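Notes for the one structure printed next.
Note that this is a predicted model, so its numbers are computed, not measured.
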Amino acid sequence: MEKEKEVFDTFKRLSQKIAFSHKNEWELLIDMQHYYIPTRLLDWSENLGIAIYFAIYSHTNNKDISLYVLNPLELNKYSKKQAIPIVPDDNMGLSYINNYIKKEPFPPTYPIAIKSNFINERVMAQRGMFTVHGDDLTAIEKLCPNAVEKFVISYKAIPEIKEFLDIANINEFTVFPDLQGLSYFIRNLLL
C-alpha cells in the first residue's frame, strides 16, 4: 500500500502545477482514474450506449465481449450500506485515505458503489459512476453475485453496434470532450 500512497501523493503534488485544483481526496482520485492512473475506482456508466461504447471499442479479437450491469444499492448491502454514498459531501463515513490507505477502522472487504459531486467534463459526458474496491481482487461478479449481471455480446454484432453508435453520436469526442477525444475522433475520421 506504500506504492498506492506514493502514486496518490505524487499526482496530488504534480497535478497542481498544471492547473488542476482538487478540493478533496475523491476529486483527486477520480481525476487519476480518468487520466489512466490505476486506482481502486472502477468506472460505470448510467448510459447503456456509453457502456457499450467502452465494451466494443476496447475489443481487439474475434471473441464475444461481456457487458456488466450493476445494481448499486444491492452492491452496497454487502457493506451494510443502505444508500449510495455521495463523495465527498454525503460520504456516509467513507474516506479514501482512512479506509483504503490506512485501513481504519478495518480493511474494506467489498466494493462500494459511490456517486460523486465532482463532475469533470469526462465524468459528465460518460454519465460516470464508480465502485471503489478493497484489497480483495476477486472479480466483482463473483464477490457480489446478487449485485452484478453479465451479458454476452457476440463479436459478430460489433460492426452493427458501431454503426448504431455512430448514428447515436456516441464517439471519441462525445465520450472524451477534450483535446484528446477530439484528436482521436479526427484521426478515426481520416483513417
Side-chain angles (χ1 to χ4, degrees), residues 3-4 6-70 72 86-88 96 111 113-133 139-140 148-191:
K3 187 58 123 179
E4 181 178 4
E6 179 184 346
V7 169
F8 182 84
D9 290 342
T10 301
F11 186 84
K12 181 178 182 179
R13 181 174 43 86
L14 296 177
S15 66
Q16 292 174 355
K17 295 180 180 188
I18 52 176
F20 283 113
S21 176
H22 301 103
K23 296 179 183 125
N24 58 66
E25 61 193 13
W26 292 107
E27 288 183 9
L28 184 81
L29 198 64
I30 289 167
D31 264 349
M32 289 173 65
Q33 175 69 15
H34 274 93
Y35 288 97
Y36 309 108
I37 296 174
T39 69
R40 292 176 177 272
L41 294 180
L42 179 62
D43 292 283
W44 296 83
S45 177
E46 293 179 307
N47 182 305
L48 181 59
I50 300 292
I52 291 171
Y53 169 88
F54 280 108
I56 67 167
Y57 279 96
S58 61
H59 184 263
T60 58
N61 56 30
N62 290 337
K63 293 185 179 176
D64 294 343
I65 56 177
S66 298
L67 183 71
Y68 294 86
V69 176
L70 174 71
I86 301 171
V87 295
Y96 171 68
I114 61 172
K115 292 181 185 179
S116 173
N117 280 340
F118 174 64
I119 305 286
N120 64 30
E121 288 180 4
R122 287 185 174 195
V123 173
M124 188 176 351
Q126 297 166 13
R127 299 287 308 268
M129 305 289 280
F130 302 93
T131 49
V132 59
H133 294 255
I140 191 171
V148 180
E149 186 76 29
K150 176 181 174 180
F151 295 90
V152 176
I153 300 171
S154 170
Y155 73 91
K156 293 176 184 177
I158 291 177
E160 290 84 13
I161 293 171
K162 284 184 176 182
E163 187 177 320
F164 170 77
L165 292 175
D166 284 341
I167 293 167
N169 197 33
I170 298 175
N171 57 54
E172 297 85 353
F173 189 43
T174 58
V175 173
F176 302 102
D178 51 29
L179 285 176
Q180 182 181 17
L182 176 60
S183 299
Y184 286 146
F185 178 71
I186 291 172
R187 188 179 69 195
N188 286 334
L189 281 177
L190 298 174
L191 299 176

Atom pair OG (Ser66) and CD1 (Ile153), whose distance is rounded to the nearest 0.5 Å: 8.0 Å
Between Tyr53 and Lys162, is there a cation-pi geometry (under 6.0 Å to ring centre, at most 45° from the normal)? no
Set of ring-ring contact (aromatic ring centres under 6.0 Å, His included) partners for Tyr96, sequence neighbours left out: Phe8
Run the side-chain contact (heavy atoms from CB on, under 4.5 Å) test on Leu67 and Leu48 for me, step by step, so that the C-alpha distance in whole Å, both residues' side-chain angles and the decisive distance to 0.1 Å come before the verdict. CA-CA 10 Å; Leu67 183 71; Leu48 181 59; 3.7 Å; yes
Under a plain distance cut-off of 3.5 Å, with no hydrogens placed, do Ser45 and Gln126 share a side-chain donor-acceptor pair? no
So, do Thr131 and Arg40 sit near enough that their side-chain heavy atoms are less than 4.5 Å apart? no
Side chains of Ile114 and Leu41: closer than 4.5 Å at any heavy-atom pair? yes
Side-chain donor-acceptor pair present, Glu172, Asn188, cut-off under 3.5 Å: yes
So, do Ile140 and His133 sit near enough that their side-chain heavy atoms are less than 4.5 Å apart? yes
Contacts of Tyr184 meeting side-chain hydrogen bond (donor to acceptor under 3.5 Å, both in side chains) (sequence neighbours excluded), chain-then-number -> Gln180
Report yes if the distance between the aromatic ring centroids of Phe130 and His34 is under 6.0 Å, otherwise no. yes
Are the side chains of Ser15 and Leu28 in contact, using a 4.5 Å heavy-atom criterion? yes
Of the non-hydrogen atoms in Asp178 and Phe173, which two are nearest, and what is the gap between them? O-CE1, 3.9 Å
Between CZ on residue Phe151 and CD1 on residue Ile65, distance to nearest 0.5 Å: 13.5 Å
How long is the gap from CD1 on Ile161 to NZ on Lys156, to the nearest 0.5 Å? 13.5 Å
Between Ile50 and the options Leu165, Thr174, Asp43, Ile170, the side-chain contact (heavy atoms from CB on, under 4.5 Å) test singles out Ile170
Kindly say whether Tyr155 contributes a backbone atom to a donor-acceptor pair with the side chain of Asp64 at under 3.5 angstrom? yes
Atom pair NZ (Lys3) and OG1 (Thr10), whose distance is rounded to the nearest 0.5 Å: 8.5 Å
What is the minimum heavy-atom distance between Ile30 and Ser116, and which atoms define it? CD1-OG, 3.2 Å
Before giving the answer on side-chain contact (heavy atoms from CB on, under 4.5 Å), spell out for Gln33 and Leu42 the whole-Å C-alpha distance, their side-chain angles and the decisive distance to 0.1 Å. CA-CA 8 Å; Gln33 175 69 15; Leu42 179 62; 5.6 Å; no
To the nearest 0.5 Å, how far apart are CG in Asp31 and OG1 in Thr39? 11.0 Å
Got a sec: does the CG of Leu189 have more than 12 other heavy atoms crowding it under 6.0 Å? yes
Enclosure of Glu160 CD (heavy-atom neighbours >12, cutoff 6.0 Å): yes
So how far is it from Phe11 CZ to Tyr35 OH, rounded to the nearest 0.5 Å? 8.0 Å
Is any side-chain heavy atom of Lys150 less than 4.5 Å from a side-chain heavy atom of Tyr68? yes
